[in-house]
Amino acid sequence: MIRRPVPCRTGAKVAVAITFDMDADSILHLAHPKDSITRISAMSMMRYGPEVAVPRILEAYRRYGIKQTFFVPAWCIEPLSQGRGSDGQGRA
């Protein structure tokens, strides 16, 4: 137990951090730079995060009014944001 916990300015007794690791297929490109684009099966599994999971997480957070901050490697998310709004979901 913490002997002298830092008091929360809102009076809450508990703080929670929920984290997600969204590297997409970056490890594949780092491990196999010469032929990563030909590893379709591995790449498709690694695209689940940005293409399916992140939109589901954003929708759940929106539904419950939870604020979030994402730190994503730009080269992982950039191809997905082409032609979309500023929030990546088509909303400005």
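Along the sequence shown, residues are numbered consecutively beginning with 1. Everything numeric here is computed off the predicted structure, so don't read it as measured data.
Residues passing the side-chain hydrogen bond (donor to acceptor under 3.5 Å, both in side chains) test with R9: none are found, sequence neighbours excluded.
Annotation: the span from Q68 atom CD to L58 atom CG amounts to 5.5 Å, rounded to 0.5 Å.
Contact check for T38 versus H32: no side-chain heavy atoms found under the 4.5 Å cut-off.
V14 and V6 end up in different hydrophobic clusters when Ile, Leu, Val, Met, Phe, Trp and Tyr side chains are linked at under 4.5 Å.
Using a cutoff of 4.0 Å between basic side-chain nitrogens and carboxylate oxygens, R56 and E59 are not scored as salt-bridged.
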